[in-house]
2 protein chains.
Amino acid sequence: MSNIKDIAKLAGVSITTVSRVLNNHPYVKDEKRKKVLQVIEELNYQQNVNAIHLVKGKTFMLGVILPYADHPFFQSIVGGIIQAAASNKIAVVICPTNYSQIEELKYLEMLKKKQVDGIIICSRANKWEVILPFAEYGSLVACELTEEISCAYTDHYDAFSSALNFLIEKGHKSIGYSVARIDSTSSKTRFSAYHDVLTKNNLPINESFIFSDCLDIEDGKRIVKELIRLKERPTALLVTGDGVAAGVLLQAKVEGIHVPDELSIIGFDNQPFSEALELTTIDQHLKEIGETAFDLFLHGKQQKICVPFEMVVRKTVSKL
Amino acid sequence: MSNIKDIAKLAGVSITTVSRVLNNHPYVKDEKRKKVLQVIEELNYQQNVNAIHLVKGKTFMLGVILPYADHPFFQSIVGGIIQAAASNKIAVVICPTNYSQIEELKYLEMLKKKQVDGIIICSRANKWEVILPFAEYGSLVACELTEEISCAYTDHYDAFSSALNFLIEKGHKSIGYSVARIDSTSSKTRFSAYHDVLTKNNLPINESFIFSDCLDIEDGKRIVKELIRLKERPTALLVTGDGVAAGVLLQAKVEGIHVPDELSIIGFDNQPFSEALELTTIDQHLKEIGETAFDLFLHGKQQKICVPFEMVVRKTVSKL
DNA sequence: CTGAAAGCGCTTACAG
DNA sequence: CTGAAAGCGCTTACAG
């Protein structure tokens, strides 16, 4: 590959001038500009971005930290980020941690190494106190509500309460739910909502109705298998995500449990296939969360933006 | 941020020595190594990767070209690529083209700009003749069968023929199908298979049974809406992907068409939710295609690897 | 085992 | 409008 020096020599100008035409600076005599452009064309020249990145201290790249690159929940957020990034000429590199703190830390180091200008954290393995120091080296944005940095988030308390109230209004008194990691911030928030809403309605809280580590269709099946062993069963389930809900639906059919007559289900995320499953679900507008997070990164605004959720009522909840 | 010079000064050695300990070279006196390591620790130093990339002419980054970042088909392939890349310390940047030739070209230029070491092309907008010249600047891998470069692919002719034969064995004589872009290579291949298998079985080819531009659930609904207008209808449909199939299922229910009794359906991709839909589908092992493509990139092997598909029989095909 | 020096390919004051 | 020179932060022969 030819470099800026080759161009300069062949065009009979200095590399400064070449750089100027490359960057569309004014004050280059038209004649020289044309000559330079012509040589660039002839040599099929392209700038080496690594040199530019080094000199500018910026890369126009953005890292996205998430646990699983192949989970629909994160794919939806990432979809929003990537689309927004593409229209702003920012390259996105996907950083799957599998919730390993070590891996996550390595990705955060990309900031110090000047590999990326910023990082959007979709979900994290480390505590904020270990993540925050990295904000010094670039822009950090979260997809959960947090004191410390900019974020685009769902109000999980509100969303979960709404779903709960929806079920209670339908006459359900015995409600279970599932979460992913039991000790995650959002799981704790959900438990608060669960506790508060049930207490307010004088409904008993049954811890055996809470299922953890539920991420995908197989976990959904497991929920139903565990459910049928219970002496007392919930009449409704608030499920982590639509993938899990699909598993619940599937296994319920296997076990001869009729949905929604014997078991009502509300999912989360409103994935495209949920419509085909006729699943009642809470749409958190994940794509919009991604787009908003990107915007926060791009403009370096210090803001906390709550993205509204939406209840999508279909056919998996019955009136008792 | 401190740089290698600072470290050298504080440790009382040359930058060469610092570079040596940074890169785990032998031949550094233990005492100096320790001192350097200590200063690095103190200053919380990290190498600037842009300088390294510049000097080495490599970035350990990989671009992935695809039309839509939010389509399950591509997400599955990308999932495989990212996972394989992560365990090999390669960063992946996602490049959504929306099938714009211009955009695709810009992404290919990343190779010339030394931004990435290679590119995996999941699906392309440009002709091979415009893409191939870029192979000079880095490693190019395709996810479709192609003469010119390494590839990990599905034998679409075989897969499509198998599905067709499966339906014919069940007694279907009137079979339709859908594709995404009508003039894509794989669509042409599918038409060949369709033509050949039907002809071999003395079955008529009905062009009005071919639906194009089918990508998602909405397109699936459209298929059914178009279907019911036909004087003569197919008894079975081979659908582009499971998302489209979900739409067909949904709209069939709306129109009161019973699946599979009145309409048999075979999807493609075996997405996680397909199980919940009880959809008969062809699993192309997309994740494996992604992993294989990555392997081809990493090892720079010049190979064409056919990834086997698999028919997953569930409940959307009836025996006539 | 160690370091001075050249080089990777750019950008950007600065001086004219 | 133009160019020489310094600098971005590294690696790597080369010489010792």
Side-chain angles (χ1 to χ4, degrees), chain A residues 1-40 43-61 109-117 137-138, chain B residues 1-40 43-61 109-117 137-138:
Chain A
M1 278 290 296
S2 48
N3 58 28
I4 199 175
K5 233 161 137 186
D6 301 331
I7 307 295
K9 192 179 300 174
L10 287 177
V13 299
S14 71
I15 61 167
T16 310
T17 296
V18 177
S19 178
R20 285 202 182 91
V21 351
L22 247 17
N23 294 290
N24 278 314
H25 283 209
Y27 306 134
V28 177
K29 205 190 277 176
D30 229 42
E31 189 185 326
K32 297 204 176 189
R33 181 185 303 276
K34 269 180 192 140
K35 180 65 183 162
V36 168
L37 254 14
Q38 177 200 327
V39 175
I40 285 174
L43 263 57
N44 193 15
Y45 167 79
Q46 277 280 342
Q47 294 164 86
N48 180 323
V49 291
N50 297 126
I52 300 177
H53 293 169
L54 173 60
V55 133
K56 299 220 172 188
K58 275 188 74 174
T59 57
F60 306 94
M61 293 208 274
E109 305 257 278
M110 295 193 310
L111 242 25
K112 286 173 73 176
K113 291 176 196 279
K114 298 277 184 189
Q115 178 143 211
V116 295
D117 297 337
Y137 308 107
Chain B
M1 277 293 293
S2 47
N3 59 28
I4 199 174
K5 232 162 139 186
D6 301 330
I7 307 294
K9 191 178 297 172
L10 286 176
V13 299
S14 71
I15 62 166
T16 310
T17 296
V18 177
S19 179
R20 285 202 182 93
V21 351
L22 246 18
N23 294 291
N24 278 316
H25 283 208
Y27 306 133
V28 178
K29 204 189 278 177
D30 228 42
E31 189 185 328
K32 297 204 177 192
R33 183 186 302 275
K34 271 181 191 141
K35 180 65 184 162
V36 169
L37 255 14
Q38 179 200 326
V39 175
I40 285 174
L43 263 58
N44 192 17
Y45 168 77
Q46 277 279 343
Q47 294 164 86
N48 181 322
V49 292
N50 296 125
I52 300 177
H53 293 169
L54 173 59
V55 134
K56 298 220 172 187
K58 274 188 75 175
T59 56
F60 305 95
M61 293 208 273
E109 305 256 278
M110 293 193 312
L111 243 25
K112 286 174 72 176
K113 291 177 195 281
K114 297 277 185 188
Q115 179 145 211
V116 295
D117 297 336
Y137 309 106

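In what follows, every chain begins at residue 1, and chains take the letters A, B, ... in the order their sequences are listed.
- Atom CD1 of B:I15 sits about 11.0 Å away from atom CG of B:L22, to the nearest 0.5 Å.
- One finds a side-chain N or O of B:S19 lying less than 4.0 angstrom from the OP1 or OP2 phosphate oxygen of D:dT11.
- Summarising the geometry, the separation between CD1 on A:I4 and P on D:dG3 is reported as 12 Å, rounded to the nearest angstrom.
- Distance from the side chain of B:K56 is smallest to D:dT11 among C:dC1, D:dT11, D:dC10.
- Atom CG of B:N50 is separated from atom P of C:dT11 by 14 Å (rounded to the nearest Å).
- Going from atom CZ of B:R33 over to atom CD1 of B:I40 covers 10.5 Å, rounded to the nearest 0.5 Å.
- Using a 4.0 Å cut-off, no side-chain N or O of B:Y27 falls inside it from OP1 or OP2 of C:dG3.
- One interatomic measurement links the two molecules: NE2 of B:H25 to P of D:dC10, which rounds to 15 Å at whole-angstrom precision.
- If you take NZ of B:K5 and C1' of D:dT11, they are 15 Å apart, rounded to a whole angstrom.
- Listed pair B:K32 / C:dT2 meets the phosphate criterion, a side-chain N or O lying under 4.0 Å from OP1 or OP2.
- The residue B:E31 sits apart from the nucleic acid: no heavy atom pair falls under 4.0 Å.
- Put simply, A:N23 has a side-chain N or O that comes within less than 4.0 Å of OP1 or OP2 on C:dT11.
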- Task: Show the numbers, then the answer: is there a side-chain contact (heavy atoms from CB on, under 4.5 Å) between B:M110 and B:M61?
- Result: CA-CA 10 Å; B:M110 293 193 312; B:M61 293 208 273; over 6 Å; no
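- Counting only heavy atoms from C-beta outward, the side chains of B:I52 and B:Q47 approach each other to under 4.5 Å.
- Per the geometry, NE2 belonging to B:H53 stands 13 Å off P belonging to D:dT12, to the nearest Å.
- Under 4.0 angstrom from either OP1 or OP2 of D:dG9 there lies no side-chain N or O belonging to B:N48.
- Atom CG of B:N3 and atom C1' of D:dG9 are 6 Å apart (whole Å).
- For the atom pair NZ (B:K35) and OG1 (B:T17), the distance works out to 14.0 Å, reported to the nearest 0.5 Å.
- When atom types are taken as modelled, the side chain of B:N48 and the backbone of B:N50 share a donor-acceptor pair closer than 3.5 angstrom.
- Comparing the C1' positions of D:dT12 and D:dG16 gives an interatomic distance of 16 Å, to the nearest angstrom.
- Rounded to whole angstrom, the span from the CZ atom of B:F60 across to the P atom of D:dT11 amounts to 11 Å.
- Here the P atom of nucleotide C:dC1 and the CG atom of B:D30 are 9 Å apart, to the nearest Å.
- You'll find that the side chain of A:V55 is closest to D:dC8, out of D:dC8, D:dG9, C:dT2.
- Test A:K114, A:K113, A:Q115 against B:Q46 for side-chain hydrogen bond (donor to acceptor under 3.5 Å, both in side chains) and you get one pass: A:K113.
- Here the OG1-CG distance, from A:T59 to A:D117, works out to 4.0 Å after rounding to the nearest 0.5 Å.
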- Task: Go through the steps to decide whether A:N44 and B:K112 satisfy the test side chain to side chain donor-acceptor pair (under 3.5 Å), and finish with yes or no.
- Result: CA-CA 9 Å; A:N44 193 15; B:K112 286 174 72 176; 2.4 Å; yes
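- Using a 4.0 Å heavy-atom criterion, one finds that A:L54 contacts the bases of the nucleic acid, with or without backbone contacts as well.
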Please enumerate all protein N or O atoms sitting under 3.5 Å from an N or O of nucleotides 4-6 of chain D, with distances to 0.1 Å.
{"unit_1": "D:dA4", "atom_1": "N6", "unit_2": "A:T16", "atom_2": "OG1", "d": "2.7"}

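- The side chain of A:Q47 approaches C:dC10 more closely than any other nucleotide in the set D:dT2, D:dG9, C:dC10.
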Only pairs under 3.5 Å count here: list side-chain donor-acceptor contacts from residues 2-10 of chain B, not counting sequence neighbours, and write none if there are none.
{"unit_1": "B:N3", "atom_1": "OD1", "unit_2": "B:K5", "atom_2": "N", "d": "3.0"}
{"unit_1": "B:N3", "atom_1": "OD1", "unit_2": "B:D6", "atom_2": "N", "d": "3.0"}
{"unit_1": "B:D6", "atom_1": "OD2", "unit_2": "B:N3", "atom_2": "N", "d": "2.9"}

- When Watson-Crick pairs (N1 to N3 and N6-O4 or O6-N4) and G-U wobble pairs (N1-O2 and O6-N3) count only below 3.5 Å on both distances, what is the dot-bracket string of DNA chain D, with | for other-strand pairs? |||.||||||||.|||
